[in-house]
Amino acid sequence: MLEGLDVLKDSIAVTGNFEQPGSIVLAASPMMKEKFKIKTVNTKLILIFL
């Protein structure tokens, strides 16, 4: 699924249960954090609207 992606250059987030509203971000790549101002405590709901 992540084959070919560069975790330092691509925006990648690992969430809890993606089907559940408000699922937390468990991990985020450096680019994801920088580009979207994501912290690992943000919810999936916030990611949807970015």
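Position 1 is the first residue of the sequence, and the numbers go up from there. Values below: every heavy atom of this structure, side chains too, minus hydrogens, waters and symmetry copies.
Pairing each heavy atom of K33 with each of A28, the nearest pair is CE-O, 3.3 Å. Summarising the geometry of V7 relative to S29, their closest heavy-atom pair is O-CB, 3.2 Å, with the distance given to 0.1 Å. In terms of heavy atoms, K9 sits closest to M31 at O-CG, 3.5 Å.
Without hydrogens or angle criteria, D10 side chain to I12 main chain gives no donor-acceptor distance under 3.5 Å.
Side-chain atoms of T15 and L26, non-hydrogen and from C-beta on, never get closer than 4.5 Å to each other.
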